[in-house]
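Here the structure comes first, spelled out in structure tokens, and everything after it is commentary.
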There are 2 protein chains.
Amino acid sequence: MAEGAPPGGQSLLFLTDEQLRKGIEAMFFAYRGFTSDPDRILEGKDMGRAHHRAIHFIHRSPGTTVSNLMAILGVTKQSLNRVLRALIETGLVEARVGRRDRRERHLYLTREGAALERELSDAQRERMRAAYRTAGPVAVAGFRQVLEAMMDEESRRHYETLAEGGGQ
Amino acid sequence: MAEGAPPGGQSLLFLTDEQLRKGIEAMFFAYRGFTSDPDRILEGKDMGRAHHRAIHFIHRSPGTTVSNLMAILGVTKQSLNRVLRALIETGLVEARVGRRDRRERHLYLTREGAALERELSDAQRERMRAAYRTAGPVAVAGFRQVLEAMMDEESRRHYETLAEGGGQ
DNA sequence: CTTGGAATGTCAACAAGGCTGACGTATTGT
DNA sequence: ACAATACGTCAGCCTTGTTGACATTCCAAG
């Protein structure tokens, strides 16, 4: 990998293979940190990352259906069902039959589910908050821009749809 | 979490729970995109993400030992060994006995291993490059700052140690 | 020279969380 | 009446992580 003059003529140094590689490694290591706190919390509770994800998105979109959750999480119904069954059996999630379409199950967190969600999300947000504070608002904006540009089309659709419901 | 005036006095809006939550979701969706291309490539070759990670870091630090790789990847030797065995058997990785300490195995990519590494890393870098180009250099700097701030201490050590060997 | 401990390999067993395929059931819309 | 949809479930498989136990090899200290 010879490192000659910038190919674009000006400051395209940030597109160097080496820069890209560092970005890749940063994603790898950061993701580990990102998931570590919830993982630790769930470890004692007979649950894992999959449960956390389901809880997160049910909290985020109360009343969401099973198929919608499948699409967001990008897993099969069998995988999702295993997790949902556990969450329902332990009383963290409630599945209400749809009023308009009674084939659908609308998912809600129970009080206990909401409490666990808060515990998990507090831990995860705390790390995120610390990182944001360290890096500052400009960096945060860039962080989100790059991540959004890295998503698949479909993921981006889900991401943006979720965002509408919340604050922005 | 009531949403009154910004507690800091000025623009601390980026530390809102909602902003943090969007960052969390951005990480989730972006990481899916991040791994999708290599996953697709490996899917036909009897290998998975674990093999990719090993190949990546062996390429990055040729001659690294098994224990060092264990520390970087954060997995047990049994997990790593399963992957390494497959890579060695298929002729993608070579394990040379250490000269100074003959208990150690120093890991290198073979020609075939390097070729696969390039294929995987080309795909992954291409997505990263597109995201970088879309977001621009300022955003990229912020992206990396936030990710670095999100890492565990130990991960950050590994991350920086790797970076020394390369460019930057 | 012996021996403790480090580095590595390996076997076995297990768990989480993905997947496919197949099938059943309720419900809806045509 | 019937096809399609939404969901649940059983069975089986794969990858990738885990522990625990044990053997080997070898460096280095006593």
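Numbers restart at 1 for each chain; the letters A, B, ... are given by sequence-line order, proteins then strands. As a basis for the values below, the full set of heavy atoms in this structure was taken, side chains included, without hydrogen atoms, waters or symmetry mates. Quick caveat, the model's predicted, so the values are computed rather than measured.
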Can you measure Arg96(A) atom CZ to dT27(C) atom P for me and round it to whole angstrom units? 18 Å

Looking at Glu154(A) and Arg157(A), is there a salt bridge between them, counting it only when a charged N and a carboxylate O are closer than 4.0 Å? no

What's the closest nucleotide to the side chain of Asn81(A) if the choices are dT27(C), dG17(D), dT9(D)? dT9(D)

Met47(B) has an atom CE; how far is it from atom P of dC14(D), in whole Å? 17 Å

Measure from the side-chain heavy atoms of Val66(B) and tell me the nearest of dG9(C), dA22(C), dC26(D). dG9(C)

Atom CZ of Arg99(B) and atom P of dT25(D): how far apart are they, to the nearest Å? 22 Å

Using a cut-off of strictly less than 4.0 Å, decide whether Thr76(B) has a side-chain nitrogen or oxygen near OP1 or OP2 of dG17(D). no

Selected nucleotide, minimal atom distance to Arg49(B) side chain, candidates dG8(D), dT27(C), dT16(D): dT16(D)

Between Phe14(B) and Phe143(A), is the ring centre distance below 6.0 Å? no

Got a salt bridge between Glu89(A) and Arg85(A), using NZ or NE/NH1/NH2 to carboxylate O under 4.0 Å? no

Using atom CG of Asp39(B) as one end and atom P of dC14(D) as the other, report the distance to the nearest whole Å. 18 Å

Pair of N/O donor and acceptor under 3.5 Å linking dG8(D) base with Arg82(A) side chain: no

Is there a donor and acceptor pair closer than 3.5 Å between the side chain of Gln78(B) and the base of dG20(D)? yes

Look at His51(B) and dT16(D) and indicate whether a side-chain polar atom (N or O) is within less than 4.0 Å of OP1 or OP2. yes

Using whole Å, report how far CG of Leu80(B) lies from P of dC11(C). 16 Å

Just one of Arg118(B), Arg125(B), Gln124(B) clears the side-chain hydrogen bond (donor to acceptor under 3.5 Å, both in side chains) bar with Ser121(B), so which one? Arg125(B)

I'd like to know if Arg133(A) pairs up with Glu126(A) as an ion pair, taking the criterion as any Lys NZ or Arg NE/NH1/NH2 lying under 4.0 Å from an Asp or Glu carboxylate oxygen. no

Which nucleotide in the list dT5(D), dG18(C), dT16(D) gets nearest to the side chain of Arg53(A)? dG18(C)

Does the side chain of Arg103(A) get closer than 4.0 angstrom to OP1 or OP2 of dA26(C) through an N or O atom? no

Nucleotide nearest Glu104(A) (side chain, heavy atoms from C-beta), chosen from dA6(D), dC19(C), dG9(C): dA6(D)

Measure NZ/Lys77(A) against P/dG18(C) and give the value in whole Å, please. 17 Å

Is there a side-chain contact between Ser79(A) and the phosphate of dC19(C), meaning an N or O under 4.0 Å from OP1 or OP2? yes

dT16(D) P sits how many Å from Met70(B) CE, rounded? 18 Å

SB check Lys22(B) Glu25(B) (cutoff 4.0 Å): no

Gap between atoms CZ and C1', on Arg105(B) and dG9(C) respectively (whole Å): 8 Å

5' precedence on DNA chain C between Gly98(A) and Val75(A) (nearest-nucleotide basis): Val75(A)

Contact under 4.0 Å: Arg85(A) side-chain N or O vs dT9(D) OP1/OP2: yes

